[in-house]
Amino acid sequence: MSKGVVMMQTISKENLEKIHKIWDDYKDSGFRTQDLKGNDHDSASFDQMRLEAIKAIQIYINDFLANRCDMKTFKGNIDSYNKRNNLWGFAAVKGQMFFNQLWNASQKNSEGKITEVLRQCIRFPKDLAEALDKISHLEKYVRAVGETVEDKRKSPNPGSVAYFLSYFWQIMDFTEYPIMYTSLITSINRLGLWKKFETQAECYEYFYHLMTQIRDELRRYTGKQLTHWDVEHSFWLREISSELSSTASLPLSKEVAVKSTRHVELEHRSSLHEYLPPIVADLVMVGQQEGPARKGLLFEKKIAMLMRMLDFDVEELGQGKGREPDGIARYRQENIAFIYDAKVREGGFSVGVSDRAIREYINDHYPRLERDGYKKIGFIIVSSHFRGEPDEIIDDLTLQTPIKRVALVKSEALLQLLAYKLKDGVATAEIAKLLLQNGVITESDIDEKLSDV
C-alpha cells in the first residue's frame, strides 16, 4: 500500500463552478433525492430514515464485533435488514452479493479465518491510515481466497472491498467516511477528476480526500455544515439527470428530474439488452401476442431457453403433454427447484385466485421434487405484465398446495437477470434466491438487487 504516495488533484476553478452548479441544481429541485427503486424523497426525510436504520444495523455490527454472534448469523442479519431497508444500496453487487461470495469462497479455508479477518477490518478505524491498512488486508485476503474458487464467476470481486468496508464504517459514523459508490466515481470521472489506481487502498485514499475536499468547498459555498450525505445526494441527482443536453444548462426542477430519471432507466435497460442473445431478446413482445396456440408455445420455448442460459436444468412440459405446467427448472447445487408456467396476455395476466389446474400440477410435481432431494421449491408465473393484486393467488396457492414461494415474474425481469449474468457473471445461486420469494418481481427489483451502486 502507498500511504501518502497518492497525489491529490487540485480542483480547477472551472470544476469548482461545475460543483457549485451541481449543488444549485440540487437546491432548485427542492433538495430531493431518490432511493434505488426510483421513489422520490425529501432528502431530510431520507436521511432521517437512514439515522433510524443505523440504530438497528449498529446492533448487528456490535454483536458481531463482540463475538455475540457468528459471521453466518451476522451476514444473515445484514442481508435481511437491507432487503427491507435498502437505503445504501448494500443489497446489490458490491454489498450483499460480495458478502455471500466471500462467505462461500471462504468455506474451503475455514469459517474461523474469514471471521477473524472481517472482525478486524469492519471495526471502526481510528484514522485514514488505519482504514487503508484494513482495506489492503481484506483485499489481499479476497484475492487469495478467490484463487481457490474453480468457477471464477463465483469468486468475490476485490474491486468491491472499498465500498464494502466504507459502508460499515459509515454506519458507525456517517460524518467521517464517505462510501465509495460507483455512481459517485462516475460523476467524478465526468468532471475529469478521477484517476486509475492499482489497489483498493490507493483508490479509497484518493476518493476520501477528494470527497472531503468537495464537501469542504460546498460548506464554504453554502455557509452550511454539510455532510458526506449532502454531497452524495447532490451528485446522485446529477447522475440520474444523465446530463441531458436539453436540460444541462437549466435548473434541475423536480419535474425535469423525474423525466430525466425515466430517460436514464430506459438508457440503462437498453445498454443491458446489448448482452442478450437475439433468440430470447424479443421475449416481452412475444409474451404480448395473443392468438394461435403456436404463439403461446413460442413464449414457453423462449422461457425454457432463457432458464437454461441462467444455468438451470430445465424440463419442458407444457403444451401437448396434458394437464402440466410449462416446465420445471432445477438448480441441484443449492437443491432449489421451480415449477413454472407462462402466460401470454396482450393486456397482461389478470392476477386472482388460481384455477384448479394450477393447484393440481403443483400438487403433482411438488412431492416428486421433494423425493428427489430438492429442499426449496418455488412456483413461478411468467408474463409480460400483471394486473390486479398478487396476494389472492399467493395466499390461495400457499394454503391449498405445499408450495410456500409464489413469484409473479415479469418477462422483462427475466431478461434483466440474464443480462446481469452475462455482463457481471452473477451466480445462478444468487439468481435462484432472487426468484425464491413471494410477490411480483419487476425489472426495477432486479436492478435494485444487481445493479452497481
Side-chain angles (χ1 to χ4, degrees), residues 72 75-76 79-80 83 96-97 100-101 103-105 107-108 149-151 153-154 300-319 321-343 354-383 390 393-411 413-414 417-418 420-421 425-441 445-446 449-450:
K72 187 175 182 180
K75 181 173 71 72
D79 185 21
S80 178
K83 280 178 178 175
Q96 193 63 44
M97 184 176 295
N100 292 340
Q101 290 177 332
W103 165 260
N104 292 333
Q107 297 315 292
K108 289 187 176 181
V149 180
E150 292 181 8
D151 185 349
R153 294 173 300 176
K154 299 179 182 179
E300 293 172 24
K301 290 288 186 185
K302 287 181 179 287
I303 289 174
M305 283 188 280
L306 194 152
M307 296 297 277
R308 288 191 178 100
M309 292 175 188
L310 292 173
D311 289 337
F312 289 102
D313 178 18
V314 177
E315 177 186 358
E316 293 183 65
L317 299 169
Q319 293 188 22
K321 296 193 177 182
R323 210 175 186 86
E324 292 278 18
D326 291 323
I328 296 175
R330 300 172 174 86
Y331 186 60
R332 176 55 81 183
Q333 288 89 326
E334 299 287 333
N335 285 320
I336 296 174
F338 298 97
I339 304 165
Y340 70 84
D341 205 39
K343 301 293 183 182
S354 63
D355 60 39
R356 188 173 64 181
I358 292 178
R359 293 195 295 272
E360 284 182 3
Y361 56 64
I362 290 175
N363 283 324
D364 286 344
H365 287 281
Y366 188 98
R368 178 163 67 91
L369 290 167
E370 206 170 34
R371 286 195 302 270
D372 288 342
Y374 290 94
K375 306 297 184 185
K376 299 175 183 177
I377 304 170
F379 176 65
I380 293 174
I381 297 176
V382 183
S383 187
I393 192 169
I394 292 171
D395 290 345
D396 183 62
L397 290 176
T398 54
L399 287 172
Q400 301 295 328
T401 77
I403 215 84
K404 296 305 175 190
R405 295 290 183 269
V406 177
L408 283 64
V409 183
K410 289 182 64 177
S411 46
L414 268 186
L417 281 173
L418 179 59
Y420 278 115
K421 183 173 184 62
V426 176
T428 304
E430 296 293 335
I431 292 170
K433 289 171 186 175
L434 284 175
L435 294 173
L436 199 67
Q437 59 178 287
N438 286 327
V440 178
I441 300 177
D445 296 323
I446 302 305
K449 295 295 188 298
L450 298 181

Are any non-hydrogen side-chain atoms of [X] and [Y] less than 4.5 angstrom apart?
| X | Y | result |
| --- | --- | --- |
| F312 | I336 | no |
| I446 | L414 | no |
| M97 | L450 | yes |
| K404 | K376 | no |
| Y420 | I431 | no |
| K449 | I441 | no |
| L417 | V409 | no |
| R308 | E316 | yes |

#### Entry: Partners meeting side chain to side chain donor-acceptor pair (under 3.5 Å) with K433 (sequence neighbours left out)
none

### Query
Sequence neighbours excluded, which residues qualify as side chain to side chain donor-acceptor pair (under 3.5 Å) partners of E315?
R330

#### Entry: side chain to side chain contact (heavy atoms under 4.5 Å, CB included) between H365 and L317, intermediate numbers included
CA-CA 11 Å; H365 287 281; L317 299 169; 3.7 Å; yes

### Message
Taking R359 first and then D396, would you say they form a salt bridge - that is, a charged N and a carboxylate O separated by under 4.0 Å?
### Response
yes

Spatial distance of atom [atom1] ([X]) from atom [atom2] ([Y]) [nearest 0.5 Å]:
| X | Y | atom1 | atom2 | answer |
| --- | --- | --- | --- | --- |
| I339 | T401 | CD1 | OG1 | 8.0 Å |
| Y331 | D313 | OH | CG | 12.0 Å |
| K343 | E300 | NZ | CD | 9.5 Å |
| Q437 | I380 | CD | CD1 | 9.5 Å |
| L369 | F338 | CG | CZ | 11.0 Å |
| L397 | N363 | CG | CG | 9.5 Å |

### Query
When the ring planes of F379 and Y361 are compared, do they come out parallel, tilted or perpendicular, using 30° and 60° as the limits?
tilted

Do the side chain of [X] and the main chain of [Y] share a donor and acceptor less than 3.5 angstrom apart?
| X | Y | result |
| --- | --- | --- |
| T398 | D395 | yes |
| D341 | D326 | yes |
| D79 | K75 | no |

### Query
What is the minimum heavy-atom distance between L408 and P390, and which atoms define it?
CD2-CB, 4.2 Å

#### Entry: Smallest separation among heavy atoms of A304 and V314, with atom names
O-CG2, 3.9 Å

### Task
Please determine if R332 forms a cation-pi arrangement with Y374, meaning its NZ or CZ atom is less than 6.0 Å from the six-membered ring centre and no more than 45° off the ring axis.
yes

### Task
Sort out for me which residue in E334, K421, Q333 forms a side chain to side chain donor-acceptor pair (under 3.5 Å) with T428.
K421

